[in-house]
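Written out below as structure tokens is the structure these notes cover.
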Amino acid sequence: MATPFFGKREMEPPNALTTPTSLRHSPASGSMATSVTTPQQPTPAVSAKSTNSLEGGSKLTVGPNIKLKGVEITDCDTLVVEGLVEATMDSRVMQIAEQGAFKGSAEIDVAEIRGEFTGNLTVRQKLVIYSTGKVTGTIRYGKLVIEEGGQLAGEILFGAVGKVPALAHVNAGLKTA
């Protein structure tokens, strides 16, 4: 009486990449049942592509001619900007396309700028500014790569955010002594 959609699943072989659709005859009910399983992809333990890939997880793409204003972007692993974004965000990866622009505040692990960024940018790991990229404002970075033609202007600080106040504290101590 139970349909195969609500019945108990049969165990699939662990190394099967695909299992074809099959027809089974149920002697108890005298009817034919159809069983369909979806293909399974093998999961590699570690591959160079999966460990070095910048993209993954949740991804937000703001397409060309799209304007996204006055928002706070959270829980986004990768932001791809092809239009205009005015926001505050904390993310893993930001990619700004040549025609894209971001205005606001961002804390990012890795930023790849081909378009424009204006505002407060903290890049915990690596900031890459391509030849068409322009970054202005207060910029903090771990590592910096600027392709010939790329532009960087404003208050530029090396190192993590936590290190900057410590240096300011030491300098303040020297002034008062």
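Worth knowing before you read on, the calculation uses all heavy atoms, side chains too, and leaves out hydrogens, waters and symmetry mates.
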To the nearest 0.5 Å, what is the distance between [atom1] on [X] and [atom2] on [Y]?
X: T78; Y: Q95; atom1: OG1; atom2: CD; result: 6.5 Å
X: E72; Y: M89; atom1: CD; atom2: CE; result: 10.5 Å
X: M94; Y: L79; atom1: CE; atom2: CG; result: 5.5 Å
X: T132; Y: Q151; atom1: OG1; atom2: CD; result: 10.0 Å

So ring-ring contact (aromatic ring centres under 6.0 Å, His included) across residues 67-117, not counting sequence neighbours, yields F102-F117
Where at least one partner belongs to residues 58-77, residue pairs that pass ring-ring contact (aromatic ring centres under 6.0 Å, His included), sequence neighbours excluded: none
Taken in chain and number order and not counting sequence neighbours, the residues that satisfy side-chain hydrogen bond (donor to acceptor under 3.5 Å, both in side chains) with E147 are S131
V81 pairs by side-chain contact (heavy atoms from CB on, under 4.5 Å) with which of I96, L68, T61, L60? I96
Keeping to residues at least two apart or across chains, list the side chain to side chain donor-acceptor pair (under 3.5 Å) pairs with something in residues 80-89. none
Between S58 (side chain only) and D77 (backbone N and O only), is there a donor and an acceptor less than 3.5 Å apart? yes
Would you say that L84 contacts K69 through its side chain, given a criterion of any heavy-atom pair below 4.5 Å between the two side chains? yes
Can you list every pair that meets salt bridge (Lys or Arg N to Asp or Glu O under 4.0 Å) and has a residue in residues 119-136, with sequence neighbours left out? D90-R124, E107-R124, D109-R124
I156: which residues meet the side-chain contact (heavy atoms from CB on, under 4.5 Å) condition with it, sequence neighbours left out? I139, Y141, L152
